[in-house]
S.K.: 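Quick one: the structure is below, questions incoming.
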Amino acid sequence: MTNSSMFDVVTVGGGMGASALAIAMARSGARVLVLEKETKFRDRVRGEALAPWGVAEARKLGVADLLLNTCAKEVPWVEMGFGPRNLMETTPQREPFYSYSHPEMQEVLLAEAGRAGAEVRRGVTVEAVEPRGNLSATGEGTYASVTARNGNTIKVWARLVVGVDGRGSAVRRWGGFAVEKSPLAFQFAGVQLTGVRWREDLATFIFNPDAGMVLGMVPQTKGRWRSYLGYPRESGLALQGDDKLKTFLAEAARAVPIMAAAYANVESIGPLASFDVSESWAPHPFRGGIALIGDAAGTSDPSFGQGMGTALRDARVLRDALLRNPDWDNAGHEYAQEHDIYFQNCHKVCGWLRTLFQDPSAQAAALRHKAMPKIAEDLMRVPDHLFSGPDLPADEAVRARLFGEC
Ligand SMILES: Cc1cc2nc3c(=O)[nH]c(=O)nc-3n(C[C@H](O)[C@H](O)[C@H](O)COP(=O)(O)OP(=O)(O)OC[C@H]3O[C@@H](n4cnc5c(N)ncnc54)[C@H](O)[C@@H]3O)c2cc1C
């Protein structure tokens, strides 16, 4: 091991979660290396609406103003079919949505990681991570190691390797993490549009449970919009590829008829792609000198837009644990314990909301029949985790109130 190949933190991946952590740790004086396989970020159809509680996390990490001054637009209002709601007046964080093009946001944060003092290597694909303790008795056993390739093989060591390599995380596998899965029978499609006729300060998320659909539409900078459509897999729609744009728009208007006018003159300016929304997560995402954060630690159903807030929360919670605890093993375990609580809260509440607002089955319809009249009388029955964050209670009393059982 040479000095130039040893780091405090090495991140596998240079997306939102990795860059946020790299910025925070480099600003605190840690020696950080970011390894990102893409030389230029492109539109992979990802999250572009950061919920108010996620904006608060960005603020705690010191990147909220950076986002706003470079790529983000504030979207204070949300419409979920109950009338417009001002999030800046009604969330505990008093924050709006931040909306941006995902690849533009990634470029901004990764450049900032470099400015903060992290070493950023792009076009580098990590091929293996060896947990701490698996190596020889040369002293290397106290570090985790990373093998990567950009033409040549590179080997580096770190006190902490952070797997931030997204939904299909290989670090989960290399680190020997257990993985739990929750299969879900829905797909979620997205495409970037121009020419949408709609309020430019309003994010729209409307469920149509009879069709098993959810429509999302969020304004961005430069007249662009990110549009999403969630649909049951058994519909066979398979909204994938440019030739499916007409079907995407027609199905969106079928799910929410007022969209027909909003989408009358749109053009797509990016790929149209669909994703399986099934959730998967690594319980206790720390072992052997490897921490998982972001989608690598837990991939939530994108229909509920919690992934980026969670990636930022992970980066912030891990940073705080590392800075307050000189023993990084203890810090890793503290992070992992906290992660399990808020990720599972999100998982549980999204499950309730999916049943009540999206599931077209007869059982779910019966639950709606009981719950919806009471919700119409009192909207506060709907838990506000999607906007106000996963620290709100998610206990039996909250569930019973949502389903109109009390
Ligand atoms: C259709 C869709 C809509 C969504 N909508 C929302 C939304 O509205 N709001 C919200 O909050 N969230 C949303 N999400 C979720 C959100 O996009 C993710 O949670 C978020 O992007 C996760 O960030 P990350 O940094 O963990 O992973 P990623 O963004 O996936 O970044 C991983 C990075 O690792 C790199 N990488 C991977 N493997 C390697 C390797 N071996 N070596 C080097 N580099 C590697 C990749 O190139 C990539 O840059 C949505 C997701 C989808 C799919």
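Only heavy atoms go into these numbers, but all of them, side chains included; no hydrogens, no water, no symmetry mates. Counting convention: from 1, in listed order, for ligands and their atoms alike. Start at 1 with the first residue, then count along the sequence.
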S.K.: Tell me if the centroids of the rings in Y228 and F188 come within less than 6.0 Å of each other.
M.R.: yes
S.K.: Relative to each other, are the rings of F248 and Y263 parallel, tilted or perpendicular (30° and 60° limits)?
M.R.: tilted
S.K.: What is the nearest protein non-hydrogen atom to atom 40 (C) of ligand 1, stated with its residue, atom name and distance?
M.R.: V126 N, 3.7 Å
S.K.: Identify, with sequence neighbours excluded, every residue that meets ring-ring contact (aromatic ring centres under 6.0 Å, His included) alongside H385.
M.R.: none
S.K.: Nearest protein heavy-atom contact for atom 3 (C) of ligand 1: which residue, which atom, what distance?
M.R.: Y228 CE2, 3.5 Å
S.K.: Do H284 and H339 have ring centroids that are under 6.0 Å from one another?
M.R.: no
S.K.: Please write down residue, atom name and distance for the protein heavy atom closest to atom 49 (O) of ligand 1.
M.R.: E36 OE1, 2.7 Å
S.K.: Have a look at ligand 1 and work out which part of L35, if any, has a heavy atom under 4.0 Å from it: side chain, backbone, both or neither.
M.R.: backbone
S.K.: Distance to 0.1 Å, residue and atom name: give those for the protein heavy atom nearest to atom 34 (O) of ligand 1.
M.R.: G13 CA, 3.3 Å
S.K.: Kindly confirm or rule out an N or O of G17 lying under 3.5 angstrom from an N or O of ligand 1.
M.R.: yes
S.K.: Which one of H102, Q106, Q306, M16 has a non-hydrogen atom at the shortest distance from atom 21 (O) of ligand 1?
M.R.: H102
S.K.: Can an N or O of F188 be found at a distance shorter than 3.5 Å from an N or O of ligand 1?
M.R.: no
S.K.: Looking only at distance, does E38 have an N or O less than 3.5 Å from an N or O of ligand 1?
M.R.: no
S.K.: Any side-chain to backbone donor/acceptor pair from S278 onto L184? Under 3.5 Å, distance only.
M.R.: yes
S.K.: Between ligand 1 and V124, can you find any atom pair, the residue atom being a heavy atom, that is separated by under 4.0 Å?
M.R.: yes
S.K.: With atoms numbered from 1 as shown, which atoms in ligand 1 lie under 4.0 angstrom from a non-hydrogen atom of G294?
M.R.: 26 (O)
S.K.: Would you indicate which of K37, E48, R42 comes nearest to atom 45 (C) of ligand 1 when only heavy atoms are counted?
M.R.: K37
S.K.: Before signing off on this row, confirm whether D295 and ligand 1 have an N or O atom pair separated by under 3.5 Å.
M.R.: yes
S.K.: Using the test salt bridge (charged side-chain N to carboxylate O under 4.0 Å, His left out), find all partners of R115 that sit at least two apart in sequence or belong to another chain.
M.R.: E112
S.K.: Tell me whether M308 has any N or O atom under 3.5 angstrom from an N or O of ligand 1.
M.R.: yes
S.K.: Could you list which atoms of ligand 1 come closer than 4.0 Å to a heavy atom of P302?
M.R.: 2 (C), 3 (C), 4 (C), 50 (C), 51 (C), 52 (C)
S.K.: Between R313 and D391, does any NZ, NE, NH1 or NH2 come within less than 4.0 Å of an OD or OE carboxylate oxygen?
M.R.: yes
S.K.: Does V45 come within less than 4.0 angstrom of ligand 1, counting non-hydrogen atoms of the residue?
M.R.: yes
S.K.: Under a 4.0 angstrom heavy-atom cut-off, which atoms of ligand 1 come close to T125?
M.R.: 42 (N)
S.K.: Using the side chain to side chain contact (heavy atoms under 4.5 Å, CB included) rule, pick out the option among L61, I293, V55 that qualifies with L312.
M.R.: L61
S.K.: For atom 8 (O) of ligand 1, which of A128, P103, A49 has the closest heavy atom?
M.R.: A49
S.K.: Which residue and atom name correspond to the protein heavy atom nearest atom 38 (N) of ligand 1, and how close is it?
M.R.: D165 CB, 3.5 Å
S.K.: Numbering the atoms of ligand 1 from 1, which are under 4.0 Å from a heavy atom of F41?
M.R.: 49 (O)
S.K.: What residue among Q192, K73, E104, R226 forms side chain to side chain donor-acceptor pair (under 3.5 Å) with Q220?
M.R.: Q192
S.K.: Does R199 come within less than 4.0 Å of E79, counting only side-chain N to carboxylate O?
M.R.: no
S.K.: Using a strict 4.0 Å threshold on nitrogen-to-oxygen distance, state whether D165 and R172 make a salt bridge.
M.R.: no
S.K.: Please confirm whether the backbone N or O of N330 pairs with a side-chain atom of D327, one donor and one acceptor, at under 3.5 Å?
M.R.: yes
S.K.: Considering non-hydrogen atoms of the protein only, which is the closest contact for atom 27 (O) of ligand 1, and what is the distance?
M.R.: G166 CA, 3.7 Å
S.K.: Is there a polar contact, in the sense of an N or O pair closer than 3.5 Å, between F275 and ligand 1?
M.R.: no
S.K.: To check your reading of the model: name the closest protein heavy atom to atom 5 (N) of ligand 1, its residue, and the distance in Å.
M.R.: G47 CA, 3.1 Å
S.K.: I want to confirm something. Looking only at heavy atoms, which of R44, M105, Q187 is nearest to atom 29 (O) of ligand 1?
M.R.: R44
S.K.: Donor-acceptor pair, R122 side chain versus E38 backbone, under 3.5 Å?
M.R.: yes
S.K.: Answer yes or no for E127: is there a heavy-atom contact with ligand 1 below 4.0 Å?
M.R.: no
S.K.: State, without any angle test, whether D314 and Y342 hold a side-chain donor-acceptor pair at a distance under 3.5 Å.
M.R.: yes
S.K.: Any idea which protein heavy atom is nearest atom 15 (C) of ligand 1, and the distance to it?
M.R.: G307 CA, 4.0 Å
S.K.: Mind telling me whether F343 and W281 have parallel, tilted or perpendicular rings, with 30° and 60° as the class edges?
M.R.: tilted
S.K.: Should R167 be counted as touching ligand 1, given the test is an N or O pair under 3.5 Å?
M.R.: no
S.K.: May I ask whether R226 places a heavy atom under 4.0 Å from ligand 1?
M.R.: no
S.K.: Give a yes or no on this: more than 12 heavy atoms of other residues, nucleotides or ligands lie within 6.0 Å of atom CD of E180.
M.R.: yes
